[in-house]
2 protein chains.
Amino acid sequence: MLTERNMRMTRQRKVILEELRKMNNHPSADELYERVRQYLPRISLGTVYRNLEVLSELGEIQKLEISGTLKRFDGNPKKHYHIRCMNCGRVDDAPLDFMKNIENSLLGATKYKIMGHRLEFIGLCPECFEQVSARWQGKKLKIGS
Amino acid sequence: MLTERNMRMTRQRKVILEELRKMNNHPSADELYERVRQYLPRISLGTVYRNLEVLSELGEIQKLEISGTLKRFDGNPKKHYHIRCMNCGRVDDAPLDFMKNIENSLLGATKYKIMGHRLEFIGLCPECFEQVSARWQGKKLKIGS
DNA sequence: TTACTTGCAAATCGTTTGCGATATA
DNA sequence: TATATCGCAAACGATTTGCAAGTAA
């Protein structure tokens with residue numbers, strides 16, 4: 001990440017991107033794998049993972065890191081938000097008041113029964129910002145078709 | 001979850017809660033495990049996990065499910081928010097405009113370099129709401145000391 | 001006394017990676 | 001032809017679980 005990349009538009013990559021674009025249900029890698037196998041029966045799950053990684057680095061798709069299995073715990077049971085360092089994983093409290101009304105703004109607009117929300121800021125902690133900014137190369141990448 | 005629970009205040013549970021309350025760095029289960037071992041050298045990692053689960057169900061602590069390894073992918077690269085069903089894991093887009101200014105509100109207040117944010121609503125999809133509400137028992141639980 | 005909880009070890013699950021083979025540019 | 005990418009299988013890391021023994025209420 002944050003590095004230059006030469007990429008090739010392989011058959012696998014193309015099908016993965018096309019299939020994902022067709023779906024509107026935010027599939028997991030495994031669900032997408034099952035779909036893609038209709039067209040490429042010999043594709044491997046590892047290939048799907050690798051391509052999703054590449055495509056999201058290029059900004060062609062989004063990776064939703066939600067509801068993960070790696071948990072962190074907070075001794076403070078009061079609702080509040082967090083900032084996470086994208087480099088070292090450090091987590092701090094975010095200096096922003098809890099927005100207790102934000103859930104109401106969905107009231108007529110969704111059929112879900114809303115139970116809560118989670119807001120997380122992503123960034124670089126002061127220490128990592130030093131390191132990363134020192135070696136950052138802002139190269140733009142383009143994707144073929 | 002969502003079920004009644006009789007709990008006992010064991011030595012392990014007490015130390016885990018006390019230690020976590022002392023820490024302000026949002027530890028992972030493993031980090032907490034290392035700390036607790038100072039007091040209870042024979043405690044197992046499984047016990048730490050089980051207790052953290054119980055304590056968060058009781059509302060004594062918070063479980064931060066961030067930055068997880070379980071990913072989902074979105075063919076739409078435009079920034080937007082999501083609603084996730086806490087019962088079946090289904091994910092839909094949230095009908096809420098992207099708040100492009102919210103990151104600015106942290107500007108003077110944190111030393112982090114903010115790169116983005118993620119907002120996720122948690123709730124029950126229409127199907128699961130049916131099921132769950134049918135068998136919900138709203139029992140309050142208390143924790144000893 | 002009893003059923004909740006523990007320590008231990010094995011199992012699980014999503015994801016990542018090393019390898020030699022393949023195919024894109 | 002170069003080397004990015006592939007398929008495969010093994011490795012990985014966090015978490016969960018089965019079980020027999022221990023213990024709080």
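Because the structure is predicted, anything quoted here is derived from the model rather than measured.
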For B:Glu19, give me all partners under side chain to side chain donor-acceptor pair (under 3.5 Å), at least two apart in sequence or on another chain. B:Lys22, B:Arg35

Mind checking salt bridge (charged side-chain N to carboxylate O under 4.0 Å, His left out) for A:Arg37 and listing every partner two or more places apart, or none if nothing turns up? A:Glu34

Please list, for nucleotides 20-22 of chain D, all pairs of protein and nucleotide N/O atoms separated by less than 3.5 Å.
none

Any residue meeting side chain to side chain contact (heavy atoms under 4.5 Å, CB included) with A:Glu31, in chain and number order, not counting sequence neighbours: A:Pro27, A:Ser28, B:Arg72

The criterion is salt bridge (charged side-chain N to carboxylate O under 4.0 Å, His left out); which residues satisfy it with B:Arg11, sequence neighbours excluded? none

The correct set of residues in residues 30-43 of chain B placing a heavy atom under 4.0 Å from DNA chain C is B:Arg42, B:Ile43

Roughly what angle, to 10°, lies between the helix axis at the start of the helix from C:dT1-D:dA25 to C:dA23-D:dT3 and the one at its end, five pairs per end? 40°

Test of understanding: with side chain to side chain donor-acceptor pair (under 3.5 Å), list the residues that count as partners of A:Arg90, not counting sequence neighbours. A:Asp92, A:Glu127

Set of side chain to side chain donor-acceptor pair (under 3.5 Å) partners for B:Thr10, sequence neighbours left out: none

Would you please name every residue forming a side chain to side chain donor-acceptor pair (under 3.5 Å) with A:Lys100, sequence neighbours left out? none

Identify every side-chain donor-acceptor pair in residues 103-110 of chain B under 3.5 Å, counting partners at least two apart or on other chains, and give the distances.
residue	atom	partner	partner atom	Å
B:Glu103	OE2	B:His117	N	3.3
B:Glu103	OE2	B:His117	ND1	2.7
B:Ser105	OG	B:Ile102	O	2.5
B:Thr110	OG1	B:Tyr112	N	3.1

Tell me every residue that passes side chain to side chain contact (heavy atoms under 4.5 Å, CB included) with B:Lys113, counting only those two or more places apart in sequence or in another chain. A:Leu124, A:Phe129, B:Met115

